[in-house]
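Notes for the one structure printed next.
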Number of protein chains: 2
Amino acid sequence: MRRKLTQRGRDRRQQLMDCAAELFAERGYHPTAVADIVDRLGVGKGVFYWYFSSKEELLVEILRSSHHDLRRRQQVAIGDEPDPIVRIELGIRASMTWFREHRHFFNLFQFAATEERFAAVLRSNEQVAIADTVRHIKDAIVEGRIADQDPEVVAQAVVGVVEQLTRAYFFERDEPDERVANAAVSFCLRGLTG
Amino acid sequence: MRRKLTQRGRDRRQQLMDCAAELFAERGYHPTAVADIVDRLGVGKGVFYWYFSSKEELLVEILRSSHHDLRRRQQVAIGDEPDPIVRIELGIRASMTWFREHRHFFNLFQFAATEERFAAVLRSNEQVAIADTVRHIKDAIVEGRIADQDPEVVAQAVVGVVEQLTRAYFFERDEPDERVANAAVSFCLRGLTG
DNA sequence: AACAATGTTGACCATTCGGTCAAGTGACTC
DNA sequence: GAGTCACTTGACCGAATGGTCAACATTGTT
């Protein structure tokens with residue numbers, strides 16, 4: 001399966017992933033046929049199986065790379081901000097912005113959680129995200145900025161608020177402004193600090 | 001499609017829905033064939049199409065009836081509790097208990113959100129749930145118990161916390177005790193009251 | 001008993017879909 | 001220009017899968 005890819009090859013691979021991610025998000029993973037993906041790109045079916053060994057592997061790759069992208073965005077946003085509470089806030093805002101710009105991934109993550117072979121990938125992604133947040137929360141506890149509580153549980157709660165508000169306001173309605181992000185931040189920070 | 005059902009018929013229908021819900025949650029909606037459902041029940045395929053016009057209709061029915069069940073559970077738990085803040089707390093606890101006992105529905109809801117034809121049903125369900133919570137929050141605001149803020153946004157946030165903590169601790173790990181519910185309640189109440 | 005309505009069977013059908021492969025194309029090297 | 005390697009094509013295949021249906025069984029009604 002391992003292949004050497006030229007630049008052209010890497011581009012094609014990326015094209016396939018982008019195109020597939022859109023289709024999967026629009027219609028769902030199963031209802032999207034491999035033929036749909038290659039048709040939209042105007043290439044033959046063989047192209048797909050040159051770059052991916054199966055439809056399943058494609059989705060796993062998409063999940064991995066998109067999560068990687070989201071995480072980089074968070075890290076850039078946080079930069080070297082010293083205040084842990086502000087770091088959490090910046091992380092929340094960066095995530096919501098990223099999801100707004102990549103709404104298709106939201107659906108994809110949601111689907112992936114429902115079938116074990118994909119859920120495994122998702123869990124390992126989420127572990128990383130939680131670990132990042134936990135670090136900031138621990139720092140804040142050490143500094144005495146927030147109450148001493150199980151950092152992981154509150155990290156999960158923060159993730160929950162972000163995801164739900166993102167879905168409810170960015171996708172189902174269409175609130176473009178910062179009101180929602182502000183609400184998420186203030187709810188979470190109050191929830192954390194008490 | 002409308003059929004008159006005897007008691008025996010209603011039982012069969014329920015059997016099919018229960019059995020299908022389990023299989024859908026285990027393997028996913030698409031990977032579960034109608035044949036799998038009727039096989040597990042040990043009946044012929046025709047039985048399925050006597051009670052449901054399509055696999056799609058079946059899932060919609062499952063979504064409707066399970067949400068109905070969850071809501072009733074919440075209402076029973078809340079009873080005639082006068083304090084709106086306590087009502088919210090009771091609602092949170094009832095939801096988490098219900099989900100723990102009906103874990104398969106959690107997966108199902110998650111999947112349903114990813115395909116438009118099912119997402120529509122889900123949205124109308126969620127509207128009801130949000131409306132219930134919003135009512136309590138408004139009451140609490142009127143009573144001056146919590147800050148004056150957009151009740152819907154915080155209701156969404158509460159739902160997000162409940163769902164995330166339920167998934168993370170009841171399903172992915174296996175924490176049976178009340179610690180998680182307590183954490184959810186205190187995070188949400190602090191988030192609300194500030 | 002006669003008749004109708006509800007409920008059940010499982011072989012069958014049309015279609016779709018993931019995946020294969022033998023044959024080809026074009027770029028780059030020696 | 002011969003050869004190699006990355007890449008592309010699209011017809012083809014086997015294995016499901018959702019859904020149908022004519023025949024059969026059971027229950028209820030008069």
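Within every chain, numbering begins at 1; the chains are lettered A, B, ... in the order of the sequence lines, protein sequences first and strands thereafter.
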Exercise for the section: Could you tell me the separation between the CZ atom of Phe48(B) and the P atom of dT17(D), rounded to a whole number of Å? Expected result: 14 Å
Fill in the blank from the handout: Separation of dG28(D) atom C1' from Lys4(B) atom NZ, nearest Å, is 11 Å
Exercise for the section: Test the Lys55(B)-Phe48(B) pair against the cation-pi criterion, namely NZ or CZ under 6.0 angstrom from the six-membered ring centroid and within 45° of the ring axis. Expected result: no
Exercise for the section: Rounded to the nearest angstrom, tell me the gap between atom OH in Tyr51(B) and atom P in dT9(C). Expected result: 10 Å
Practice task
Using atom CG of Asp36(B) as one end and atom P of dG18(D) as the other, report the distance to the nearest whole Å.
Solution key: 8 Å
Exercise for the section: Determine whether the side chains of Asp11(B) and Gln15(B) contain a donor N or O and an acceptor N or O closer than 3.5 Å. Expected result: no
Practice task
Sort and list the pairs that fulfil ring pair (Phe, Tyr, Trp, His ring centres under 6.0 Å) and have at least one residue in residues 165-194 of chain B, not counting sequence neighbours.
Solution key: Phe106(B)-Phe171(B)
Output one line per pair: protein atom, nucleotide atom from nucleotides 10-12 of chain C, and distance, for all N/O pairs under 3.5 Å.
unit_1	atom_1	unit_2	atom_2	d
dG10(C)	N7	Lys45(B)	N	3.4
dG10(C)	O6	Gly46(B)	N	3.1

Exercise for the section: Classify the ring geometry between Phe109(B) and Trp98(B) as parallel (under 30°), tilted (30 to 60°) or perpendicular (over 60°). Expected result: parallel
Handout entry: Among dC7(D), dG18(C), dT8(C), the one nearest Tyr49(A) by side-chain distance
Key = dG18(C)
Exercise for the section: Could you work out the complete set of other residues in the hydrophobic cluster of Ile130(B), with links drawn between I, L, V, M, F, W and Y side chains under 4.5 Å apart? Expected result: Val134(B), Val159(B)
Practice task
For the residue pair His102(A) and His104(A), categorise the inter-ring angle as parallel (less than 30°), tilted (30 to 60°) or perpendicular (more than 60°).
Solution key: tilted
Practice task
May I ask you to list the residues of residues 7-33 of chain A, by number, that have any heavy atom positioned under 4.0 Å from an atom of DNA chain C?
Solution key: Thr32(A), Ala33(A)
Practice task
Mind checking salt bridge (charged side-chain N to carboxylate O under 4.0 Å, His left out) for Arg8(A) and listing every partner two or more places apart, or none if nothing turns up?
Solution key: none
Handout entry: Polar side chain donor-acceptor pair, Glu81(A) to His136(A), under 3.5 angstrom
Key = no
Completion exercise
Rounded to whole Å, CG of Leu5(B) lies from C1' of dT8(C) at a distance of 14 Å
Fill in the blank from the handout: Whole-Å distance, Glu57(B) CD to dG19(D) P, equals 10 Å
Problem - Whole-Å distance separating the CD1 atom of Ile37(B) from the P atom of dG18(D) - result: 8 Å
Exercise for the section: Check whether any side-chain nitrogen or oxygen of Trp50(A) sits under 4.0 Å from OP1 or OP2 of dT8(D), and answer yes or no. Expected result: no
Problem - Thr6(A) side-chain N/O to dC7(D) phosphate OP1/OP2 under 4.0 Å - result: yes
Handout entry: From Thr193(A), Asp83(A), Leu192(A), residue fulfilling side chain to side chain contact (heavy atoms under 4.5 Å, CB included) relative to Arg145(A)
Key = Asp83(A)
Practice task
Could you tell me whether the side chains of Gln164(B) and Gln156(A) share a donor-acceptor contact shorter than 3.5 Å?
Solution key: yes
Practice task
Could you tell me the separation between the CD atom of Glu56(A) and the P atom of dC17(C), rounded to a whole number of Å?
Solution key: 18 Å
Practice task
State whether a side-chain donor-acceptor pair under 3.5 Å links Gln75(A) with Arg72(A).
Solution key: no
Fill in the blank from the handout: Computed from five pairs at either end and rounded to 10 degrees, the angle between the axes of the helix from dA1(C)-dT30(D) to dC30(C)-dG1(D) is 0°
